[in-house]
J.: 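The structure that follows is given in the form of structure tokens.
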Amino acid sequence: MKRDMVLVGAITGAHGIRGEVKLKSFTEDPSAIASYSPLETAKGAKIEVVKVRPQKEGLLAILKGVTDRSAAEALRGTELFVPRERLPEPGEDEVYVHDLIGLPVHLADGSRLGEIVGVADYGAGDLIDVKVEGRKDTVLIPFADQYVREADGEKIVVELPEGFLDVEEKR
């Protein structure tokens, strides 16, 4: 992608026979994803959201030009992006997950731990995936007040419990 694009949703499947798609929204208000239409795919194709409605597992959406189940199925797995400049500025004590990637992570004592290479959410809250300097692996750290002491847009400062970074010897 050429511009600074932010992932705001993904098409997870087809619904019915008239081309509706199941849509997982990553916006604070899930239905707000429609207000950013047209959205873009990773390949730069435009996808226009005509209408969304809530469903038990996310949203159901009608997309412009998608009129049958086959066309909807072909979009399964498509990630949807919006240019960063079209998003509102985050409020105080808020941050876009997208903006965390690449930030350095320091321990509370000032030493550098590594760099954020990703952010995951398995349902219990965001986890920052940190590539630890001097190690081949990464470590997942909850992006919660208990661990994150400072997040100023330039760096993240974490305070970790004793033993958090210990690696068990593999036998």
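Everything quoted here is computed from the prediction, not taken from an experiment.
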J.: Please lay out, stage by stage, how Val49 and Ile33 fare under the test side-chain contact (heavy atoms from CB on, under 4.5 Å).
T.: CA-CA 8 Å; Val49 179; Ile33 192 171; 5.7 Å; no
J.: When rounded to the nearest 0.5 angstrom, what distance separates CG in Leu59 from NZ in Lys22?
T.: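 Going from CG on Leu59 over to NZ on Lys22, the span is 12.5 Å.
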J.: Would the number of heavy atoms belonging to other residues, nucleotides or ligands and lying under 6.0 Å from CZ of Arg18 be above 12?
T.: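 It does not: Arg18 CZ has 12 such atoms or fewer within range.
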J.: If we only count heavy atoms from C-beta on, is the Leu63 to Val50 side-chain gap below 4.5 Å?
T.: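 The answer is no; the side chains never approach within 4.5 Å.
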J.: How far does CD of Glu85 sit from CG of Asp4, to the nearest 0.5 angstrom?
T.: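 Spacing of CD (Glu85) from CG (Asp4) equals 7.5 Å.
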J.: Under 4.5 Å between any side-chain heavy atoms of Val21 and Arg76, yes or no?
T.: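 Of all side-chain heavy-atom pairs linking Arg76 with Val21, none is under 4.5 Å.
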J.: Looking only at heavy atoms, which two atoms of Gly9 and Phe26 are closest? And how far apart?
T.: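 Between these two residues, the closest heavy atoms are N-CD1, 3.4 Å.
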J.: Please report the C-alpha distance between Asp68 and Ile17 in whole Å, then the side-chain angles of each, then the deciding distance to 0.1 Å, and finally whether the side-chain contact (heavy atoms from CB on, under 4.5 Å) criterion is met.
T.: CA-CA 6 Å; Asp68 62 43; Ile17 60 171; over 6 Å; no
J.: Are the side chains of Val130 and Val117 in contact, using a 4.5 Å heavy-atom criterion?
T.: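 No. Closest side-chain heavy atoms not under 4.5 Å.
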J.: Counting heavy atoms not belonging to Leu7, are there more than 12 under 6.0 Å from its CG?
T.: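 Result for CG/Leu7: enclosed.
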J.: Where do Lys155 and Val157 come nearest, in terms of heavy atoms and distance?
T.: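 Closest approach of Lys155 to Val157: CE-CG2, 3.8 Å.
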J.: Any side-chain heavy atom of Val66 sitting closer than 4.5 Å to one from Ile47?
T.: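 Of all side-chain heavy-atom pairs linking Ile47 with Val66, none is under 4.5 Å.
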J.: How long is the gap from OG1 on Thr78 to CD on Glu40, to the nearest 0.5 Å?
T.: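 One finds 13.5 Å between OG1 of Thr78 and CD of Glu40.
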J.: So which atom in Ala14 and which in Ala72 form the shortest heavy-atom distance, rounded to 0.1 Å?
T.: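 Taking every non-hydrogen atom into account, CB-CB, 3.7 Å.
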J.: Are Ile156 and Phe143 close enough that some pair of their side-chain heavy atoms sits under 4.5 Å apart?
T.: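 Yes, side chains in contact.
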J.: Do Ile116 and Leu160 share a hydrophobic cluster, counting only Ile, Leu, Val, Met, Phe, Trp and Tyr and linking them when any side-chain heavy atoms are less than 4.5 Å apart?
T.: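 Yes, because Ile116 and Leu160 connect within a single hydrophobic cluster, where side-chain heavy atoms sit under 4.5 Å apart.
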J.: Pair Val52, Leu60 - check side-chain contact (heavy atoms from CB on, under 4.5 Å), show working.
T.: CA-CA 6 Å; Val52 295; Leu60 294 178; over 6 Å; no
J.: With rounding to the nearest 0.5 angstrom, report the CD1 to CZ distance, Ile141 to Phe164.
T.: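 Here the rounded value is 5.5 Å.
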J.: Enter the distance from Arg112:CZ to His106:NE2 here, rounded to the nearest 0.5 Å.
T.: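 It comes to 5.5 Å.
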J.: Within a 6.0 Å radius of atom CG on Asp109, are there more than 12 heavy atoms belonging to other residues, nucleotides or ligands?
T.: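 Correct, the count exceeds 12.
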J.: Should Arg53 and Glu20 count as an ion pair when the cut-off is N to O under 4.0 Å?
T.: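 So Arg53 pairs with Glu20 through a salt bridge.
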J.: Apply side-chain contact (heavy atoms from CB on, under 4.5 Å) to residues Arg86 and Tyr36 and explain how you reach the verdict.
T.: CA-CA 8 Å; Arg86 287 184 45 207; Tyr36 296 112; 4.0 Å; yes
J.: For the side chain to side chain contact (heavy atoms under 4.5 Å, CB included) test, which of Ile101, Val105, Leu100 pairs with Leu103?
T.: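 It is Leu100, the one option of Ile101, Val105, Leu100 that forms the side chain to side chain contact (heavy atoms under 4.5 Å, CB included) with Leu103.
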J.: Atom NE2 of His15 and atom CD1 of Ile62: how far apart are they, to the nearest 0.5 Å?
T.: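 Atom-to-atom, His15:NE2 and Ile62:CD1 are 10.0 Å apart.
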